[in-house]
Amino acid sequence: MDEFDKKPSFIFKRKVFIVMLVMMVALFLLALRVLYIQAVQGEYLQARAYEQQTRDRLITPQRGAILDRNMVGLAVTETVASISVVRAQVRDPNQVALALSEKLDMDFDEVFEKVNTRVALMRIKQKVDMELANSIRALNLPGVMVDEDILRVYPFENLAAQVIGFVGRDNQGIIGLESKYQEYLKGTPGRILTETDVAGREIRGGRQYRIPPVAGYNLVTTIDVVLQQYAEQTIAKVVTEKEALRGVIILMNPQTGEIYALANSPNFDLNEPFTIQNPGLAAEWDNLTSEQRMNALNQMWRNFAINDTFEPGSTFKIITSAAGLEEGVLTTQTPFVCTGSMVVGGRPIRCWRSPRSHGAINFAQGIQQSCNPVFMVIGELLGAETFHDYLIRFGFNEKTGIDLPGEAVGIMYAADKIGPVELATMAFGQSLTITPLQLLRSVSATINGGYLITPHVGARFIDENGQIVQEFRAERGPQIVSQDTSETLKFLLESVVYEGTGRRTYIPGFRVGGKTATSQKLPRGSGKYIASILAFAPAEDPQVIALVLIDEPKGAYYGGLVAGPVMEELLKNTLPYLNIQQQFNLEEQATEGVAPVTLPDFRGQSKEEVAKILDDLSLGFNITGDGDTVIDQFPMPGDLVNQGQNILLRVQTGNS
């Protein structure tokens, strides 16, 4: 009987124990949950609660300006307003819609639909003039918010359009510098926090917090507004007169890579970037598909100088010359014979002068007259492997590194794919494609002492107080040709302008070097050409290098004939502006009673003897090479030169 009585007691105690154990586990889990909520989710839940109790509106920050090198505004920001509606706070939707539609000149139904949309904040209109915005604010309409906004303005409209770029409705940079430096220019948005109830209505007497926005940094560029305007006017004029497809001018410092001007024609209005400028396309706009419209806009925004490649033609002969001089396979006096054409790999390749010929000429005359056979022979003397090595040295297999988006890179044969015909045609600028900026960068290296440079537009970022935040330093690259080669090329290219194919670029009083080109576009025989010229000044110490390209000019298409006068007009404005001093030419000296000098033959004499003779003749000199004996000179014996001009002397040890 006692054992029977003990069983219920035991069972009861066990049940109590189980219940207590479950309760203890539940309490433990509950404690863990409370601890998790407080310790882990506390900040998050607090933020969510704060979010429910406040209305958050963003304040658009002041976008940093884009300035030219003299602090002139190229892209600036004006303060405007944004009109929005908080539906939960609107008392009379019809009244609000009517008032806003009248003030903002919008359709009533459109505004009414937006006012009644059940979202936390509905934007009615952006970029509203401040005077109009203040008149809306004065109405004191419940639920209507007037917030700070910005409007990007381009004071010069289409000036440097493809370089500067523009922003979209969300103030996000789309092309050009606006896109490249978006993170620096955009700034940090501010916020307006308003206490609200659970329905999103503003609490009467509630507090409002304003976190001010942080303005973006201002970008100071290397662009000069005056030079950019010269370039824009000059290229637009010739594109119109020659009914050309397009044209480009680049002005750059060959020592530093600073770009003073980069002009494309046609261009577009940065304040209306989605308005097509081509009259024919504009007339057909309504009939185009969205894809066709986007393609048309992309073509209009395209920066020919860096986004497209072309066959450079004879301007590329500067690179072939540099390789030949550097490798020692030629001097200024190396003899050649032009018969009007040359058979390479069983295929006749003509000189541009064919059916006439240049006859017996030396290398200096060959580059002055841009003789194709001369450069085909130089290519053969170098060989495919060495020639290809120089293409790599000059950076034709890589981007220039310019701080603009969308840069293309040249296309050329691999070394093992260069046969005799490819080598011959590449030597005078065909069978490879490069960008205009790649050409300008490579030629800069041949006249600045042999150093590759990095073209750039950005100079530094400054804050709203003018303090420098970041400065861009474009370091010089490796030296790819010697100082001797560079000095020789400067003198040779000056002679091209003085008495060769670049004569139409000659400017009295200024020493200018350069090279013209006439590039036949593919397919051959299409009758389409690119006329171009590259020039630099002053020839003895280049401070500016310029490139003019005119794509598909109608009528005459030779580079010297079409692009030469364009370069002359450009440099006539540019050189005085850059404070590059004049040096009198022969005619001016003769007018003032100062006779030109007939140059003696210095070859075989010691450099000390030659220096004394040159001093007596009021001539200067530059010496290249090591040694005491003059073995070559430029200009050549018998040439007329200006008093004060420098003569290039090449020296070596011995009399050979």
Side-chain angles (χ1 to χ4, degrees), residues 55-68 71-86 96 99-106 111 114 121-141 143-161 164-174 176-179 181-194 208-221 225 269-275 461-467 469:
R55 180 71 60 196
D56 186 355
R57 289 155 34 222
L58 294 178
I59 307 173
T60 305
Q62 187 89 352
R63 188 175 179 86
I66 298 177
L67 310 168
D68 92 327
M71 308 300 286
V72 176
L74 302 173
V76 297
T77 298
E78 292 182 358
T79 302
V80 289
S82 176
I83 311 300
S84 308
V85 167
V86 178
V96 169
L100 293 183
S101 62
E102 290 178 353
K103 286 284 188 180
L104 299 174
D105 194 22
M106 296 175 65
V111 177
K114 287 185 175 183
L121 185 75
M122 170 57 69
R123 194 80 69 190
I124 304 298
K125 192 171 184 179
Q126 294 178 282
K127 317 301 181 187
V128 177
D129 177 78
M130 284 305 299
E131 185 176 349
L132 176 58
N134 288 331
S135 71
I136 293 174
R137 183 184 281 116
L139 296 175
N140 290 319
L141 295 171
V144 175
M145 304 297 169
V146 180
D147 294 322
E148 300 168 35
D149 199 355
I150 63 167
L151 176 65
R152 198 62 159 171
V153 176
Y154 302 93
F156 294 93
E157 298 177 344
N158 62 346
L159 191 78
I164 298 169
F166 58 92
V167 298
R169 292 182 180 178
D170 58 354
N171 295 310
Q172 173 77 29
I174 293 181
L177 295 171
E178 293 277 31
S179 173
Y181 291 117
Q182 166 70 13
E183 292 303 310
Y184 291 89
L185 294 167
K186 67 178 183 179
T188 304
R191 300 167 72 189
I192 297 175
L193 304 173
T194 305
Q208 190 175 81
Y209 305 92
R210 186 181 188 277
I211 302 173
V214 178
Y217 296 126
N218 298 320
L219 172 63
V220 180
T221 68
V225 162
D269 187 345
L270 288 168
N271 295 305
E272 298 289 341
F274 293 92
T275 299
F461 275 108
I462 59 176
D463 62 21
E464 52 194 352
N465 298 316
Q467 298 299 311
V469 176

Worksheet item: Going through the distances and angles, do Val153 and Asn271 end up as a side chain to side chain contact (heavy atoms under 4.5 Å, CB included)?
Response: CA-CA 6 Å; Val153 176; Asn271 295 305; 4.3 Å; yes
Value rounded to 0.5 Å, distance of [atom1] in [X] from [atom2] in [Y]:
X      : Y      : atom1 : atom2 : answer
Asp129 : Thr79  : CG    : OG1   : 11.0 Å
Glu78  : Leu151 : CD    : CG    : 6.0 Å
Leu132 : Lys125 : CG    : NZ    : 7.5 Å
Ile174 : Arg169 : CD1   : CZ    : 10.5 Å
Asp147 : Ile83  : CG    : CD1   : 8.0 Å

Does any part of the side chain of [Y], heavy atoms only, come nearer than 4.5 Å to the side chain of [X], both counted from C-beta?
X      : Y      : result
Leu270 : Val167 : no
Leu185 : Phe461 : yes
Leu121 : Ser84  : yes
Ser82  : Arg123 : yes
Val72  : Phe156 : yes
Met106 : Leu100 : no
Tyr217 : Asp463 : yes
Lys103 : Ser135 : yes

Worksheet item: Looking at Glu178 and Arg152, does any basic side-chain N land under 4.0 Å from a carboxylate oxygen?
Response: yes
Test your reading of the model: is there a side-chain donor-acceptor pair from [X] to the backbone of [Y], 3.5 Å cut-off?
X      : Y      : result
Lys114 : Met122 : no
Thr60  : Ile150 : no
Asn218 : Ala65  : yes
Thr221 : Leu67  : yes
Asp68  : Val225 : yes
Gln182 : Gly173 : yes
Asn465 : Gln467 : no

Discussion item. Does atom OH (Tyr154) have a neighbourhood of more than 12 heavy atoms from anything else shown, all under 6.0 Å?
Written reply: yes
Discussion item. Other residues, nucleotides and ligands only: do more than 12 of their heavy atoms fall within 6.0 Å of CG on Asp170?
Written reply: yes
Item to complete: Report the C-alpha distance between Leu139 and Val144 in whole Å, list the side-chain angles of each, state the deciding distance to 0.1 Å, and finish with yes or no for side chain to side chain contact (heavy atoms under 4.5 Å, CB included).
Response: CA-CA 9 Å; Leu139 296 175; Val144 175; over 6 Å; no
Practice prompt. Provide the closest heavy-atom pair for Ala133 versus Ala81 in the form atom of the first, atom of the second, distance.
Written response: CB-CB, 3.3 Å
Item to complete: Of all the heavy-atom pairs spanning Pro61 and Pro189, show the shortest one and how long it is.
Response: CD-CA, 3.7 Å
Item to complete: Evaluate side chain to side chain contact (heavy atoms under 4.5 Å, CB included) for Val220 paired with Met71, printing each intermediate quantity in order.
Response: CA-CA 7 Å; Val220 180; Met71 308 300 286; 3.9 Å; yes
Practice prompt. Verify the distance criterion only: is there a donor paired with an acceptor across the side chains of Thr77 and Arg63 at less than 3.5 Å?
Written response: no
Fill in: Candidate pair Leu219 and Leu177, rule side chain to side chain contact (heavy atoms under 4.5 Å, CB included), full reasoning
CA-CA 9 Å; Leu219 172 63; Leu177 295 171; 4.2 Å; yes
